[in-house]
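All figures in this text were calculated on a predicted structure; none of them were measured in a lab. What you see below is based on every heavy atom in this structure, not just the backbone, and it leaves out hydrogens, waters and symmetry mates.
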Amino acid sequence: MEKTGANGVFYVTTPIYYVNALPHIGHSYTTVAADVVARYRRLRGQRVLFATGTDEHGQKVFRSAQAQGKNPQAFVDEIAAAYQKAWKAFHIEYDAFIRTTNTTHVATVQYVFDKLRASGDIYPGEYEGWYCTACESSFREDELRDGNCPDCGRSVEHASQPAYFFRTSKYAERILRYLEDHPDFIIPRSRQNEVISFVSAGLRDACVSRRRTDWDIPVPDDDSQSIYVWFDALINYLTVAGYPDDPEKFAQVWPPDVQLMGKDILPRFHATLWPAMLMALDLPLPRQLVAHGWWVAPASDKTGLTKISKSKGNVIDPLQAAANLAHVSGADGDVAVDAIRYYMLREVTFGLDGVFSMDSVVDRFNADLANDLGNLLNRSLPLVHRFLAGCLPAPSGDLELTEDIEAARQACEQAMDQYDFSGALEALWALVRRANKFLDERAPWNLHKAGHTEAAGQVLYEVADVARCVALGIAPFMPYVAAEIWRQLGLEETQETMRWQDFAPGRTPAHTAVGEPRPIFPRIDVNKLQQAEVEQKARQEKSTEGLVTLAEFARVDLRAGKVLAAERIPKADKLLKLIVDVGEDQPREIVAGLAPRFQPEDLVGLTVVVVANLEPATIRGARSQGMVLAAGAQEPVAMVVLSPDCPPGTKVR
Ligand code: ME8
């Protein structure tokens with residue numbers, strides 16, 4: 001199926017993000033990349049549908065709401081709004097923001113489920129396996145790594161229950177053939193090979209429902225079951241396209257031209273389950289899937305680099321980074337946001353992992369933006385005012401930078417077609433540097449001094465012309481900066497006037513009156529940055545004084561312990577010596593200040609909570625190996641007890 005002719009819409013998507021937490025650099029990265037694609041296509045005159053959104057069902061989200069004591073709907077409303085606010089601040093212009101709790105989406109999911117159940121691709125069965133809530137994925141026992149989730153390493157929960165299955169296995173051959181026939185289906189190519197191996201190893205049917213919950217989409221006509229969150233989530237791409245109720249829109253939009261995502265959700269979901277679902281629905285597959293790498297940070301146990309994620313507590317907030325950048329540079333807040341967008345796509349080759357560091361942000365800001373691009377403008381525009389009364393001349397004769405402009409445009413287009421964002425920016429910066437060199441070589445200040453004002457005017461025209469082309473090239477990446485350059489050049493910056501086809505030499509109108517030059521990128525003093533970081537750290541430490549991190553709390557090993565025996569300690573009227581079974585080979589001896597309140601016989605037989613990794617101490621000749629928890633500030637008031645059926649040694653969290 002081809003999209004309907006000239007009406008075809010370029011459809012680009014991001015994953016829809018779980019609303020268990022606020023967006024961080026990883027989510028921003030994918031969304032900025034998709035925004036760059038959408039803006040580039042619009043600049044080229046294409047109609048675009050750029051969709052992003054939030055994945056609001058599933059256990060992970062439900063448990064996060066519970067943990068905060070919030071009603072799940074109120075919780076997801078709050079976080080979805082925070083995502084939208086963050087995207088606006090990040091200069092992201094999406095056309096659709098899909099939320100999976102939206103009734104249209106719920107109806108689409110139930111429609112698809114029903115349709116596939118009717119065609120036999122979804123069938124009832126018995127589920128037996130291990131579930132990782134963090135990944136919202138299930139695994140067979142033999143797939144676990146050391147008994148934990150093979151993807152993220154967290155603990156898994158066992159489940160055995162009736163469920164519906166989707167016949168992924170039936171489509172394995174077809175998917176494999178598709179991958180072989182479409183070598184550009186997955187970018188980068190290395191990931192396509194990875195998926196081929198994944199599929200070749202065999203695909204098993206996916207469990208697409210679970211025992212009925214209050215927070216997932218119910219399976220139609222079966223009160224006992226709810227739909228699996230990934231099955232629900234993938235269908236968002238169809239809902240946005242108008243499936244099944246708006247066939248006219250669907251014909252213009254489907255299939256997606258490109259779907260962007262992190263490498264974590266490619267093989268298992270977007271490159272297998274998703275194509276199989278589309279094959280079962282008899283719908284065309286997306287044209288391309290692009291999987292990027294991860295933003296990583298040094299692991300807390302110093303074992304190398306680890307993915308940035310909320311649950312690891314190592315998140316970076318790129319909007320905060322932009323605010324810091326604005327603070328230390330004195331740049332406009334919108335310029336700083338654009339600079340972070342530039343940094344994310346320039347610093348790391350799309351597809352590879354990268355480490356975010358404020359030092360490298362500052363290096364890029366100073367070198368690429370302030371020095372290269374900023375200087376090109378700051379060294380040329382004031383001269384137009386000084387030598388030419390603020391008006392560019394008409395171009396005359398051959399323009400010397402013609403080939404450079406054309407080569408840059410071509411290289412940029414090629415790179416953009418391959419989602420090689422850093423390559424596109426490199427091509428543009430080669431042009432910026434060439435124009436700076438041209439300015440040095442032709443030295444219009446000397447020409448003017450020698451009375452060759454007309455020749456000086458031609459040099460300045462060419463430099464302004466390059467600045468205009470570069471502004472077009474960077475517009476998808478740094479929309480605010482591009483518009484600002486355009487304004488400083490004296491051009492009108494609207495969607496109609498900024499067109500990619502004008503990325504060509506000599507298109508700057510003759511006699512353009514350039515605007516007021518104003519440095520866009522003030523150079524950052526690195527010392528000032530370090531000072532700001534020290535101050536921020538101090539503020540942070542102050543605001544968290546008295547608090548423990550989750551990781552710090554997790555170091556305390558709390559266990560259930562059964563008190564086997566208790567006795568007074570002679571000549572110590574406050575102390576009792578307890579013998580406690582904490583599930584080890586030998587029971588432990590624990591000395592506790594419980595005597596003011598409890599008789600030894602009150603305690604025998606209780607299941608108490610023991611701090612099992614407290615440093616041992618010798619008290620009144622007894623070796624105390626741990627501590628038992630009791631309520632009471634000075635003297636004990638009540639023991640913390642567990643129900644008697646809790647086995648000794650059970651971890652308490
Ligand atoms: O997986 N580096 O949602 P999610 C780079 N709801 N990108 C990162 C990243 C990092 N450290 N961390 C997250 C889900 N991402 C599902 C998707 S789609 C039908 C359902 C980005 O909130 C990256 O795009 O866990 C990754 O694929 C996505 O966030 C995962 O977001």
Side-chain angles (χ1 to χ4, degrees), residues 16 18-20 53-66 71-73 75-76 98-141 143 149 156-171 203-239 243-245 265 268-270 272-281 283:
I16 49 170
Y18 290 125
V19 287
N20 61 321
T54 40
D55 190 353
E56 303 188 354
H57 294 122
Q59 294 186 36
K60 177 150 123 162
V61 170
F62 184 69
R63 287 183 187 176
S64 300
Q66 273 187 326
N71 161 292
Q73 189 62 52
F75 177 75
V76 299
I98 168 114
R99 299 184 52 188
T100 55
T101 50
N102 182 310
T103 46
T104 320
H105 175 70
V106 171
T108 308
V109 172
Q110 291 186 322
Y111 172 87
V112 169
F113 195 98
D114 226 12
K115 191 171 158 98
L116 297 184
R117 187 171 48 184
S119 68
D121 274 322
I122 286 182
Y123 62 93
E126 196 62 37
Y127 170 79
E128 210 272 311
W130 297 85
Y131 199 76
C132 171
T133 302
C135 298
E136 297 281 15
S137 302
S138 59
F139 301 96
R140 284 190 315 259
E141 179 125 14
E143 288 176 316
C149 171
V156 286
E157 292 167 45
H158 186 256
S160 165
Q161 51 186 254
Y164 288 95
F165 287 82
F166 170 68
R167 291 190 199 281
T168 323
S169 61
K170 173 174 153 191
Y171 296 97
L203 294 180
R204 70 195 153 101
D205 292 351
C207 177
V208 291
S209 77
R210 51 200 294 265
R211 198 179 287 136
R212 180 68 181 259
T213 66
D214 291 334
W215 190 245
D216 293 285
I217 301 179
V219 167
D221 307 319
D222 184 345
D223 285 346
S224 70
Q225 298 282 309
S226 294
I227 295 175
Y228 172 47
V229 64
W230 264 103
F231 189 82
D232 156 0
L234 288 164
I235 291 170
N236 92 83
Y237 305 127
L238 287 166
T239 310
Y243 186 81
D245 291 333
I265 55 174
R268 204 178 286 282
F269 299 110
H270 284 83
T272 48
L273 177 58
W274 175 226
M277 285 163 66
L278 291 173
M279 285 171 177
L281 289 168
L283 292 173

Separation of [Y] [atom2] from [X] [atom1] (nearest 0.5 Å):
{"X": "Phe62", "Y": "Thr133", "atom1": "CZ", "atom2": "OG1", "value": "12.0 Å"}
{"X": "His105", "Y": "Thr100", "atom1": "NE2", "atom2": "OG1", "value": "5.0 Å"}
{"X": "Met279", "Y": "Trp274", "atom1": "CE", "atom2": "CH2", "value": "12.0 Å"}
{"X": "Phe165", "Y": "Cys207", "atom1": "CZ", "atom2": "SG", "value": "4.5 Å"}
{"X": "Ile217", "Y": "Ile235", "atom1": "CD1", "atom2": "CD1", "value": "7.5 Å"}
{"X": "Arg212", "Y": "Ser226", "atom1": "CZ", "atom2": "OG", "value": "5.0 Å"}

Exercise. Could I get the full list of salt bridge (Lys or Arg N to Asp or Glu O under 4.0 Å) partners for Arg211, not counting sequence neighbours?
Key: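 Salt bridge (Lys or Arg N to Asp or Glu O under 4.0 Å) check on Arg211 returns nothing, list empty.
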
Self-check item: Set of residues satisfying salt bridge (Lys or Arg N to Asp or Glu O under 4.0 Å) with respect to Arg63, sequence neighbours excluded
Solution: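 Residues passing salt bridge (Lys or Arg N to Asp or Glu O under 4.0 Å) with Arg63: Glu157.
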
Can any side-chain N or O of [X] pair as donor or acceptor with the backbone N or O of [Y] at less than 3.5 Å?
{"X": "Glu143", "Y": "Arg140", "result": "yes"}
{"X": "Lys60", "Y": "Ala134", "result": "yes"}
{"X": "Glu136", "Y": "Gln59", "result": "yes"}
{"X": "His158", "Y": "Trp130", "result": "no"}
{"X": "Gln225", "Y": "Pro162", "result": "yes"}

Quiz prompt | Residue list, side chain to side chain contact (heavy atoms under 4.5 Å, CB included) with Ala276, at least two apart or on another chain | solution = Phe166, Thr168, Tyr171, Ile175

Exercise. Using the test side chain to side chain contact (heavy atoms under 4.5 Å, CB included), find all partners of Ser64 that sit at least two apart in sequence or belong to another chain.
Key: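 Only Asn20, Phe75 meet the side chain to side chain contact (heavy atoms under 4.5 Å, CB included) criterion with Ser64.
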
Quiz item: So do the side chains of Tyr127 and Ser138 get within less than 4.5 Å of each other, counting heavy atoms only?
Solution: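 Yes, at least one pair of side-chain atoms sits under 4.5 Å.
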
Quiz prompt | Tyr237 side chain reached by His270 side chain, heavy atoms, under 4.5 Å | solution =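 Of all side-chain heavy-atom pairs linking Tyr237 with His270, at least one is under 4.5 Å.
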
Determine the sole option in [options] for which the side chain to side chain contact (heavy atoms under 4.5 Å, CB included) test with [X] is passed.
{"X": "Leu116", "options": "Tyr123, Phe231, Tyr111", "value": "Phe231"}
{"X": "Asp55", "options": "Val76, Val229, Leu234", "value": "Val229"}
{"X": "Ile227", "options": "Asp216, Val106, Val219", "value": "Val219"}

Write down the atom of [X], the atom of [Y], and the distance for their closest heavy-atom approach.
{"X": "Asp121", "Y": "Ala280", "result": "OD2-CB, 3.4 Å"}
{"X": "Val156", "Y": "Cys149", "result": "CG1-N, 3.6 Å"}
{"X": "Phe139", "Y": "Cys132", "result": "CE1-CB, 4.1 Å"}
{"X": "Ala206", "Y": "Leu273", "result": "CB-CD1, 4.0 Å"}

Exercise. Mind telling me whether Phe113 and Tyr164 have parallel, tilted or perpendicular rings, with 30° and 60° as the class edges?
Key: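 It falls in the perpendicular class, over 60°.
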
Practice problem: Evaluate the ring planes of Trp230 and Phe269, with Trp represented by its six-membered ring, and classify them as parallel (under 30°), tilted (30 to 60°) or perpendicular (over 60°). | Solution: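 If you compare the ring of Trp230 with that of Phe269, the planes turn out parallel.
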
Quiz item: Could you go step by step and tell me if Asn236 and Thr239 meet the side chain to side chain donor-acceptor pair (under 3.5 Å) rule?
Solution: CA-CA 5 Å; Asn236 92 83; Thr239 310; over 6 Å; no

Quiz item: Any salt bridge between Glu56 and Arg99, counting N to O under 4.0 Å?
Solution: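 A salt bridge is present here (some side-chain N lies under 4.0 Å from a carboxylate O).
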
Quiz prompt | Flag if over 12 foreign heavy atoms under 6.0 Å of CG, Asn71 | solution = yes

Self-check item: Asp232 versus His57, side-chain donor and acceptor atoms under 3.5 Å
Solution: yes

Practice problem: Could you tell me which residues satisfy side chain to side chain donor-acceptor pair (under 3.5 Å) with Gln161, sequence neighbours excluded, listed by chain and number? | Solution: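 Scan of Gln161 (side chain to side chain donor-acceptor pair (under 3.5 Å), adjacent residues dropped) gives none.
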
Self-check item: Where at least one partner belongs to residues 101-116, residue pairs that pass salt bridge (Lys or Arg N to Asp or Glu O under 4.0 Å), sequence neighbours excluded
Solution: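 Residue pairs passing salt bridge (Lys or Arg N to Asp or Glu O under 4.0 Å), neighbours aside: Asp114-Arg117.
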
